[in-house]
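This report concerns only the one structure given below.
Both backbone and side-chain heavy atoms feed into the values below; hydrogens, waters and symmetry mates do not. Convention: sequence-line order gives letters A, B, ...; per-chain numbering from 1.
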Number of protein chains: 2
Amino acid sequence: MADTEYRDPSGKRLADYPHPSVAVDTAVMTVVDGELSVLQICDAVDDDWRLPGTFVHEGERLADSVLRSLREKAGVEGLAPRQLHVFDDPSRDSRGWVLSVAHLDVVPAAALTIDPGRARLVAVAASGAMVHAHDDILEYAVAQLREDHRERPDPHGLLAEPFTMTELRRLHEVVLGVELQPDTFRRAMVGRLVVAEGKRAEGPGKPAGLYRRG
Amino acid sequence: MADTEYRDPSGKRLADYPHPSVAVDTAVMTVVDGELSVLQICDAVDDDWRLPGTFVHEGERLADSVLRSLREKAGVEGLAPRQLHVFDDPSRDSRGWVLSVAHLDVVPAAALTIDPGRARLVAVAASGAMVHAHDDILEYAVAQLREDHRERPDPHGLLAEPFTMTELRRLHEVVLGVELQPDTFRRAMVGRLVVAEGKRAEGPGKPAGLYRRG
DNA sequence: TCAATAGTGTCTATGAGACACTATTAA
DNA sequence: TTAATAGTGTCTCATAGACACTATTGA
């Protein structure tokens, strides 16, 4: 793949330039126990909590680096990593010149099997400071997640289908961090959903209709 | 800055990992002659038109790499580069494993002095294919630019202050690629502008009031 | 005066929000 | 029946869009 004969106008080969280390760091987000939560791992070196990440391997796509880091560092199978931002402050990482490409991956809690020795899920509201400015990454991730949930119903498939309108609303309330009017929410979302068979009753009260994502 | 003693859990130093080349490629956008336009340079190697870019120098911030590449490759003084996306397809660049961090920089035409031997401004609508999938970068840039112009008046300062409401509307029409209703546009924007002194008449007709960005 | 451009009054359609009402179940 | 939850009818208010009107200039 690499054309080792390539030389730039000044005669230098690609390998003659100094190269940064390129890492991916990922905010794996989910909703569990009515809380918007993020996956943290315990850093083997610093014994600090941080977001899972890894250096990019040769010829690897960034999304594949993300999925590999989640498997190796947290024993978690990721889904669809999405680029957020490149953090490029040269003093950001004490190990040297590292560019970190922040990612967001949203995974239903049901698909996350957490090994307590390696990883934990922490509510975003309660998540303390992490190393290497990983809090900044979390901020980007939450902002992106909220943006996604403002228009579309359950855009990342956090709910098991079929789901009730109330379940969908509670999900959006948790992600957005605000209470939503049931009637307004229903009218905004019903056109973007498909009706599913059957009803579901949670305790007393009229059974709720069921929906699937469009 | 670099801690050369750092070793990861498997005993490898940072430098022992293979490293990608990291480049920045920038869509410098402006509006000239009523056209949304992009700066292209003529590639010295391939003799193809492309977006200006460079490899990132050691310890350099990405935004500084962008500004340097614009100075060196196009003789242009950039303003405020903004990250768009990392293009990471390993086969994207024939020279080898290159990650390209796409940027957008919006510069008023008045601040762009184009050396015809090195660079040119091309209307986006008429811009043909560029090398290394630089067309993808342009798509991201245009989408971002339109997003910015949907809410805020002249968000990147393309107009010289003070300006008339009609000048502002024509700018937004060019960027968004649609015609806008003068009255609706005025009412949407007037609250986000500050009134400036004086009037300006362009030919016959009532002289227009002047505004500045908030 | 007329032509041309700037700016406003106002009607209408749309949609968000709020509230009250109806609907359907368990106990 | 009552309590609880689901879902709808409808009023109000804010806003976008459209259109017509007024305002102010040069020729």
- Task: For A:S37 and A:E35, indicate whether the former's side chain and the latter's backbone hold a donor-acceptor pair under 3.5 Å.
- Result: yes
- Just by distance, do the side chain of A:H172 and the backbone of A:H149 share a donor-acceptor pair under 3.5 Å? yes
- Task: Could you tell me whether A:R82 and A:D105 have a side-chain N and a carboxylate O separated by less than 4.0 Å?
- Result: no
- Sorted by number, residues from residues 165-190 of chain A placing a heavy atom under 4.0 Å from DNA chain C are A:Q181, A:D183, A:T184, A:R187
- Message: Pairing donors with acceptors under 3.5 angstrom, does anything connect the side chains of B:H19 and A:S21?
- Response: yes
- Message: Does either side chain, that of A:D25 or that of A:S100, offer a donor lying less than 3.5 Å from an acceptor on the other one?
- Response: yes
- Query: Looking for any heavy atom pair under 4.0 Å, which part of the strands does B:A208 touch: base, sugar-phosphate only, or nothing?
  - Reply: sugar-phosphate
- Message: Please check if the number of heavy atoms outside A:R152 that lie under 6.0 Å from its CZ is greater than 12.
- Response: no
- Query: What are the two closest non-hydrogen atoms of A:P155 and A:D148, and how far apart are they?
  - Reply: CG-O, 3.4 Å
- Message: Distance under 4.0 Å to a non-hydrogen atom of chain A counts as contact; along DNA chain D, which nucleotides mark the start and end?
- Response: D:dA4 to D:dT10
- salt bridge (Lys or Arg N to Asp or Glu O under 4.0 Å): pairs with one or both residues in residues 160-170 of chain A, sequence neighbours excluded: A:E161-A:R213, A:E167-A:R200, A:R169-A:E173
